[in-house]
Structures are given as C-alpha cells and as structure tokens.
Amino acid sequence: KRVLELGSGTGIVGMCAALLGAAATVTDLHTDVLQTNVRQNSITGPGSLRVAALFALCCPVCLISMFRDRSLSLHDLFVTKAAECGFEVKLIQEEDGVVVYRLTRTCS
C-alpha cells in the first residue's frame, strides 16, 4: 500500500501509515518542521516514510484545498511557489470558507 499525504503538517498520519506497513510520502509547503518531527518521532515498522516538498512531486494534476481564513500572504506564497515549480495554478472553487486550487504540470 502507498500513501501520499498532502499538507502533512506534523506528519502524524504518514508516520502511522508507515508503522502499519505502508510506503508513505508526507508533504508540505515548508518541510523543515516536518522533517524534524519525522526524524525525532518515527518508530521503526514494516513500512517506509519519505518527506518531500509539496512542489517536488511530479503529478499531472493535483487539487489543493485551504481554508480561506488563512492569511492572504500564505495564498500568495502558495501560488507563487507553485508557478516557480512549473505548475499552472487555477482557482476552481471558493465557497464556505474553503478555496480549492487545481495545479497542472506535465511530467517529463
């Protein structure tokens, strides 16, 4: 089983998945805290755990959702970083305090 956790935060879900035997990849915009937490708190189990920057992943289409009450600067940073990494970013929904972006990239 493979698990891809987007916006992992602390990485607890990915760590649990690896402990249960999955090959888990945890991602976030800022991986420094995530890497530290995974390194200090991972328990050896039958699975594996990998930390990746969200934009290092190669997928043709991703959907990313965020709460609108997050700061506008975070949204600007997200869109800017995604564009720098070769994604086309399109806002596809903004409703009930949640925004959803579609990221599209061709993998080589």
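These values consider heavy atoms only, across backbone and side chains, with no hydrogens, waters or symmetry-generated copies.
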Got a sec, which hydrophobics cluster with V26, joining ILVMFWY side chains under 4.5 Å apart, including via others?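 Traced through the cluster, V26 reaches I12, V13, M15, L34, V38, L49, V51.
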Has the side chain of [X] got a donor or acceptor atom that lies under 3.5 Å from a matching backbone atom of [Y]?
X: E94; Y: V99; value: no
X: S8; Y: E5; value: yes
X: N41; Y: N37; value: yes
X: S48; Y: A23; value: no

What pair of heavy atoms forms the shortest contact from [X] to [Y], and how long is it?
X: L19; Y: P46; value: O-CD, 3.1 Å
X: G9; Y: D28; value: N-OD2, 2.6 Å
X: T25; Y: A52; value: CG2-CB, 4.1 Å

Is there a side-chain contact (heavy atoms from CB on, under 4.5 Å) between Y101 and I92 once you walk through the steps? CA-CA 6 Å; Y101 296 99; I92 60 172; over 6 Å; no
